[in-house]
Amino acid sequence: MLRAPHAARLLAGTLVGRLPHATGPIAIVLFTRAEGGGYTLAGALAAVYGTATAIGQPLLGRAVDLRGQLRVQLPAAVVSALGMVVLAVAGIGSLPLAYAAVFVAGLFTPPLEGGLRALWPSVLGREDRVHRAYALDAVAQEVMFTVGPLLITLFVSLWSAGAALMVINAIGVLGALVVVLSEPSRAWRSAPREAHWLGALRSGGLLALLGSFFFVGLALGSITVAGVAYADDHGRDAIYGLLMAALSLGALIGGVFYGARRWAGPPERRLLVIVALLAVGYLPLALTPGVAAMTALTALAGLFLAPAIACAFVVVDRHAPRGTVTEAFSWLVTTFGVGAAAGTAAAGPAVELGSTSWGFAVAGAGGILALLVLTATQKTLAGPGRAVDVARSLPDPPARSAENDRNGAAEPGFSSGPEA
């Protein structure tokens with residue numbers, strides 16, 4: 001798949017371009033602490049950044065659908081980077097300026113993730129390859145969110161927290177530049193869309209999916225807080241890193257396995273099964289056994305995360321109204337992020353009022369609620385989605401457009417044969 005023209009460039013450019021987003025919260029915390037600020041201020045600045053990102057992603061996604069990628073992605077990346085540069089140069093001496101800087105940086109975070117998924121059909125042609133790309137994308141995200149924090153801490157140790165902020169955002173702009181100057185990005189245009197103020201949110205199927213993935217995000221966010229409490233209980237900070245690495249490893253293994261299989265039947269039904277397995281995987285974490293067993297349970301909990309995300313990409317593309325595909329993908333990113341923030345907020349009091357087990361119980365509750373939402377909305381998800389967009393001609397063999405056919409019989413994954 002990556003041998004297809006532009007494919008490797010677009011994937012690598014998007015991952016590099018998203019580094020500032022992957023490292024934003026930890027970079028802000030490290031910078032605030034280096035400037036002499038407390039954890040309360042650091043957490044507040046990081047929360048403003050996260051909130052602004054959640055607001056900006058669907059708005060910028062809609063702008064991409066209306067104006068094209070080059071006109072939106074690159075300017076947004078530059079403005080976002082400038083916001084972080086202002087924070088790095090001005091410091092936290094003026095709190096209004098610091099808050100404004102992180103708000104601008106978050107608000108203008110370019111929707112590269114949704115943009116890449118909108119590009120895959122024109123780059124890869126066949127629908128089966130597009131579905132492989134969604135699985136590969138989910139796996140690559142796990143790598144990015146593992147490597148990103150390591151990079152920012154490396155830059156801080158080599159230079160300073162302020163320099164790390166500027167360097168990581170300069171790298172992000174370069175990544176966005178690599179993407180938007182590519183031929184597929186410059187040529188991409190969304191399908192004609194019906195003017196509607198709700199945009200992608202007028203799709204009942206998309207709303208059902210967003211409702212479920214809010215709780216998937218909540219479960220994941222609560223695990224990060226409960227993991228810190230578990231490490232504190234066992235007196236070793238390194239245990240937290242071990243648990244998070246196990247979570248990512250599980251997601252990597254699950255994503256590769258999911259992409260290596262050919263899946264028949266509607267992805268909506270498959271997503272229900274995957275989310276059920278995800279929920280079951282979260283429940284044993286509340287047992288909080290010894291470190292070795294807990295590490296294994298955490299890896300098991302992560303096993304179905306990447307497959308759930310990859311399958312959700314397909315469902316989003318099938319239910320997004322015509323001409324709103326980038327916006328729809330961006331809404332999924334936003335909802336997942338807001339859910340993670342809610343999980344972080346809920347797990348803290350759960351640990352303080354109860355125990356570490358209560359913090360992990362929030363993750364289990366999130367998984368169950370995600371499953372209940374999907375179960376309750378199966379009729380909506382199974383209903384007719386948007387019509388196939390046949391405006392563009394794609395390479396042989398015949399392919400569907402960026403807004404995929406609802407009734408593809410199979411969703412092949414990665415292949416080890418010549419076709420890959």
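Because only heavy atoms are used, hydrogens play no part in the values below, and waters and symmetry mates are left out as well, while side chains stay in. Keep in mind it's a predicted model, so treat the numbers as computed, not measured.
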Distance-only donor-acceptor hits, side chain of residues 248-257, under 3.5 Å, sequence neighbours excluded:
residue, atom, partner, partner atom, Å
Ser248, OG, Thr146, OG1, 3.4
Ser248, OG, Met244, O, 3.3

Would you please test Leu271 and Leu209 for side-chain contact (heavy atoms from CB on, under 4.5 Å) and show each step? CA-CA 10 Å; Leu271 182 62; Leu209 184 68; 3.4 Å; yes
Any sub-3.5 Å donor-acceptor pair from Tyr282's side-chain atoms to Ile368's backbone N or O? no
side-chain contact (heavy atoms from CB on, under 4.5 Å) for Leu287 and Phe360? Distances and angles first, verdict last. CA-CA 8 Å; Leu287 299 174; Phe360 283 114; over 6 Å; no
Test item: Phe304 and Tyr258 side chains (from C-beta on) under 4.5 Å apart, heavy atoms: no
Is a donor on one side and an acceptor on the other found under 3.5 Å between the side chain of Ser157 and the backbone of Leu154? yes
Which heavy atom of Val173 sits nearest to which heavy atom of Ala77, and what is that distance? CG2-O, 3.7 Å
Keeping the roles fixed (side chain from Arg270, backbone from Ile274), state whether a donor-acceptor pair exists under 3.5 Å. no
Is there a donor-acceptor pair closer than 3.5 Å between any side-chain N or O of Ser185 and the backbone N or O of Leu181? no
I need the minimum non-hydrogen distance between Leu206 and Ala328, along with the two atoms involved. CD2-CB, 4.0 Å
Ignoring hydrogens and angles, tell me if any N or O in the side chain of Ser160 forms a donor-acceptor pair with the backbone of Ala163 under 3.5 Å. yes
Does one side chain, of His319 or Glu268, offer a donor that lies under 3.5 Å from an acceptor on the other? yes
Heavy-atom side-chain contact between Leu372 and Phe215 under 4.5 Å: no
Which is it for Val216 and Leu305 under the side-chain contact (heavy atoms from CB on, under 4.5 Å) test, yes or no, and what are the steps along the way? CA-CA 9 Å; Val216 174; Leu305 180 60; 4.2 Å; yes
Closest non-hydrogen atom pair between Ala118 and Phe329, with its separation: N-CE1, 4.3 Å
Any side-chain heavy-atom pair from Val16 and Leu174 closer than 4.5 angstrom? no
Who are the side chain to side chain contact (heavy atoms under 4.5 Å, CB included) partners of Leu15, not counting sequence neighbours? Leu11, Ala140, Met144
When you look at CZ of Arg269, are more than 12 heavy atoms from neighbouring residues, nucleotides or ligands closer to it than 6.0 Å? no
Any side-chain heavy-atom pair of Ile28 and Met84 under 4.5 Å: yes
Over all heavy atoms of both residues, which pair between Phe214 and Ala342 is shortest? Give the atoms and the distance, please. CZ-CB, 3.9 Å
Could you tell me whether a side-chain N or O of Thr109 sits under 3.5 Å from a main-chain N or O of Ala105, the two making a donor and an acceptor? yes
Just by distance, do the side chain of Arg18 and the backbone of Leu112 share a donor-acceptor pair under 3.5 Å? no
Kindly give the heavy-atom pair with the smallest separation between Pro289 and Leu297, and that separation in Å. CG-CD1, 3.8 Å
Can a donor-acceptor pair be found, under 3.5 Å and without considering hydrogens, that links the side chain of Thr324 to the backbone of Pro321? yes
Pairs involving residues 155-181, ordered by first then second residue, that meet ring pair (Phe, Tyr, Trp, His ring centres under 6.0 Å) (sequence neighbours left out): Phe155-Trp159
Considering all heavy atoms of both residues, which atom of Tyr49 and which atom of His21 are nearest to each other, and what is their separation? OH-CA, 3.5 Å
Check: Asp233/Thr356 side-chain N/O donor and acceptor closer than 3.5 Å: yes
Hydrogens and angles aside, do Gln57 and Thr334 bring a side-chain donor and acceptor to less than 3.5 Å of each other? no
